[in-house]
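Note sheet for the following structure.
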Amino acid sequence: MRLGLFKSLLPPVLLLAALVALGVTGWRLYGVSKEAAVQREMVANRDVTPPDDASGVLLFQRAHYLLVRDRIDEAQGLVTRITDRASRHVTARFHYDVGNARARRAIAAIEATKIDLAIPEVRLAKEAYKEALRADPDLWDARYNLDVVMRLVRDFPEVERGEEETQAQPKKLWTDLPGLPRGLP
Amino acid sequence: MRRAALAFALALAMAAPAAAQVRDVRTSGPKPFGVLLGDVFTLRTSFVADAPYTLDPASLPKTGALTYAIDLRRLDVTESAAPGGGVRYEITAEYQTFYSALETRTETVPQMSLSVVDGKGGRKEFKAGGWAYITSPLRPLITTSGETQYDLRPDAVPPRISLRPAQTAALWSAGAALLALLLLAWSRAWPPFHTRPSRPFTRAARVVAKRAPTGEAGWREALIDLHRAFDATAGKRLLGDDLGAFLAQRPAFARHEAGIRAFFDASRRVFFGGAAPAATGLSADALTRLARDLAGAERAS
């Protein structure tokens with residue numbers, strides 16, 4: 001009797017499950033094809049703003065579009081959404097492209113002998129490349145470009161190291177103290 | 001150096017066991033040369049803390065930038081029982097170097113300052129996990145191939161969003177839905193499976209539902225149709241007296257025994273007793289319902 005009930009109920013339950021799966025996958029396909037359409041627009045050099053629920057890859061495409069056009073600040077506004085939604089692979093490439101845009105600015109400033117403008121850009125480029133390597137150590141282009149910008153404006157690690165140690169010591173003391181009131185924002 | 005430390009720890013352990021809280025401190029790393037900018041390497045540091053001492057987790061270094069050149073990416077601590085009593089701790093630390101070397105040179109990973117506590121205010125600090133490696137530059141100092149020093153590697157291009165995985169999934173689920181629909185049609189003897197020989201009651205239920213309400217003649221025909229379905233299911237002409245054996249053989253129909261007996265009783269009174277259909281108490285509605293129930297029971301058998 002138990003088996004008989006199973007035999008008579010199985011086909012409709014199977015059909016229902018398959019229909020639910022069809023609905024879910026169909027909806028997903030619809031979403032992906034919409035994203036692909038937006039991406040095609042961007043690749044065709046049209047200034048399209050991605051929707052709020054865009055995927056990480058689409059946001060990276062938008063950032064790439066902005067970075068190639070030297071609109072770094074706008075691209076930087078996407079950073080939290082990209083790190084939240086994209087894989088580490090894509091996040092690393094986003095940071096790498098930010099670094100490249102900064103490096104291009106710095107090189108242009110150096111070639112125009114405006115060293116004061118170049119120094120902060122180099123510093124930001126280094127941070128971006130390091131961020132890229134933290135997300136994906138296998139991104140060799142980021143290593144190479146980090147090496148290039150490191151030599152543009154050389155750090156003085158010995159000096160910095162000394163500073164860091166003197167600064168780090170009291171900081172560590174404070175953070176280890178238990179029950180330190182943090183206060184409301 | 002390591003051996004000396006080991007020997008010292010061993011000597012200490014032998015000479016004054018009560019004084020040794022931490023022993024057998026070891027650090028192992030990968031090849032200590034050919035480390036390039038951006039490389040990730042893992043150091044394993046292990047030591048034994050004698051009871052009642054345990055590692056103070058607050059003394060472990062925090063992940064993040066450790067020095068100018070080195071980041072601590074990850075830190076895992078595993079504990080196991082040591083052979084001589086106490087706890088063996090194994091600290092797995094993953095570092096990444098960000099030092100752009102101009103020439104091949106030696107860099108060091110700073111030692112971790114760890115401490116063990118005995119839970120009664122006793123505390124002993126020690127250092128472990130230092131390592132030295134040789135780092136090499138990625139590029140020569142002076143380029144000879146004629147390119148400028150500023151040549152950057154090109155931008156990373158975003159990957160194209162592919163429809164393929166979503167399409168495949170949708171196609172698979174559409175196929176599964178079609179198969180499930182076919183299975184359902186087969187199980188219920190819907191077209192194109194409506195002539196399935198093993199579903200006589202399903203067929204009869206359709207005919208009965210059509211004929212039974214069309215008056216006395218239709219009701220009689222419906223009765224005969226249902227009889228034929230019983231015959232087909234039993235594999236022989238089924239009479240009212242054989243019902244007990246039939247139901248024992250097919251327990252799926254036993255639930256509707258009362259209805260079946262009423263049906264056979266009505267049939268006998270109409271065909272052999274000459275009674276009018278209205279006098280049998282088996283209405284067209286009841287007949288249709290019985291046929292439908294039997295079709296359901298048939299699917300479950």
Side-chain angles (χ1 to χ4, degrees), chain A residues 1 4-5 7-8 10-12 14-19 21-22 24-26 28-29 31-33 35-36 39 43 55 57-58 60-61 64 67-68 90 92-94 96-97 100 103-104 107 110 130 133-134 137 139-148 150-152 155 157 160-161 164 176, chain B residues 36-40 58 62 65 67-69 71 73 96 98-102 137-139 141 149-163 165-167 169-181 183-188 251-252 254-255 296-301:
Chain A
M1 196 61 222
L5 191 72
K7 261 164 78 180
S8 66
L10 183 68
L14 270 185
L15 180 65
L16 198 70
L19 284 179
L22 183 62
V24 170
T25 52
R28 213 168 276 165
L29 178 62
V32 172
S33 61
E35 291 231 312
Q39 191 184 35
V43 172
S55 71
V57 174
L58 192 62
F60 174 37
Q61 180 78 51
H64 182 73
L67 291 168
V68 170
V90 170
R93 275 142 190 86
F94 162 73
Y96 168 72
D97 279 4
N100 272 5
R104 280 194 294 269
I107 290 169
I110 287 171
K130 281 183 185 176
L133 285 173
R134 279 184 195 117
L139 187 56
W140 280 85
D141 284 354
R143 298 188 186 200
Y144 187 91
N145 286 0
L146 177 57
D147 197 61
V148 172
M150 285 267 200
R151 289 194 196 173
L152 279 183
D155 292 329
E160 280 200 13
R161 207 175 286 184
E164 263 173 12
D176 280 353
Chain B
L36 297 174
L37 167 69
D39 270 357
V40 175
K62 316 264 181 299
T67 64
Y68 167 75
D71 263 29
R73 286 165 66 88
Q96 187 170 24
F98 287 119
Y99 184 70
S100 153
L102 292 174
L138 278 177
R139 306 181 305 144
L141 258 186
Q149 277 283 69
Y150 308 147
D151 269 352
L152 294 170
R153 300 287 300 161
D155 273 359
V157 178
R160 293 303 293 265
I161 294 170
S162 168
L163 292 182
Q167 274 171 342
L171 222 62
W172 274 108
S173 52
L178 199 68
L179 270 181
L181 187 65
L183 184 65
L184 186 67
W186 179 77
S187 139
R188 306 246 154 160
R255 204 145 50 91
E298 178 180 60
R299 279 198 293 277
S301 67

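A, B, ... follow the sequence lines: proteins, then strands. Residue 1 opens every chain. If you're wondering where the values come from, they're calculated on a predicted model, not measured in any experiment.
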- Student check: side-chain heavy atoms of B:Arg160 and A:Val43 closer than 4.5 Å: yes
- Could you please spell out the steps behind the side-chain contact (heavy atoms from CB on, under 4.5 Å) verdict for A:Trp140 and B:Arg153? CA-CA 9 Å; A:Trp140 280 85; B:Arg153 300 287 300 161; over 6 Å; no
- Query: Looking at B:Ser100, B:Ala166, B:Ala101, which one has more heavy-atom pairs under 4.5 Å with chain A than the rest?
  - Reply: B:Ser100
- A:Gln61 to B:Pro158 - nearest heavy-atom pair and separation: OE1-CB, 3.4 Å
- Message: Can you confirm whether B:Trp186 sits close enough to A:Pro11 that some side-chain heavy atom of one is under 4.5 Å from a side-chain heavy atom of the other?
- Response: no
- Do you know which two heavy atoms are closest between B:Leu163 and A:Ala36, and how far apart they sit? CD2-CB, 4.3 Å
- Do you know the tightest heavy-atom contact between A:Arg134 and B:Gln96? CA-OE1, 3.6 Å
- Looking only at non-hydrogen atoms, find the nearest pair between A:Met150 and B:Phe98 and report the distance. CE-O, 3.3 Å
- Do you know which of A:Glu35, A:Arg143, A:Arg93 has the most heavy-atom pairs under 4.5 Å to chain B? A:Arg143
- Query: Any idea which of A:Leu67, A:Val68, A:Leu146, A:Val90 has the most non-hydrogen atom pairs under 4.5 angstrom with chain B?
  - Reply: A:Leu146
- Task: Flag the pair B:Gln167 / A:Val32 as yes when at least one side-chain heavy-atom distance between them is below 4.5 Å, and no otherwise.
- Result: no
- Task: Specify the closest pair of heavy atoms between A:Leu133 and B:Arg73, including all atoms of both residues, with the distance to one decimal.
- Result: O-NH1, 3.9 Å
- Measure distances from A:Leu14 to the heavy atoms of chain B and classify the residue's part below 4.5 Å as side chain, backbone, both or neither. both
- Flag the pair B:Asp155 and A:Arg104 as a salt bridge only when some basic side-chain nitrogen lies within less than 4.0 angstrom of an acidic carboxylate oxygen. yes
- Message: So for A:Ile110, is it side chain, backbone, both, or neither that comes closer than 4.5 Å to the heavy atoms of chain B?
- Response: side chain
- Query: For A:Phe60, is it the side chain, the backbone, both, or neither that has a heavy atom closer than 4.5 Å to a heavy atom of chain B?
  - Reply: both
- What one should report as the nearest heavy-atom pair of A:Thr25 and B:Ser173 is OG1-OG, 2.7 Å
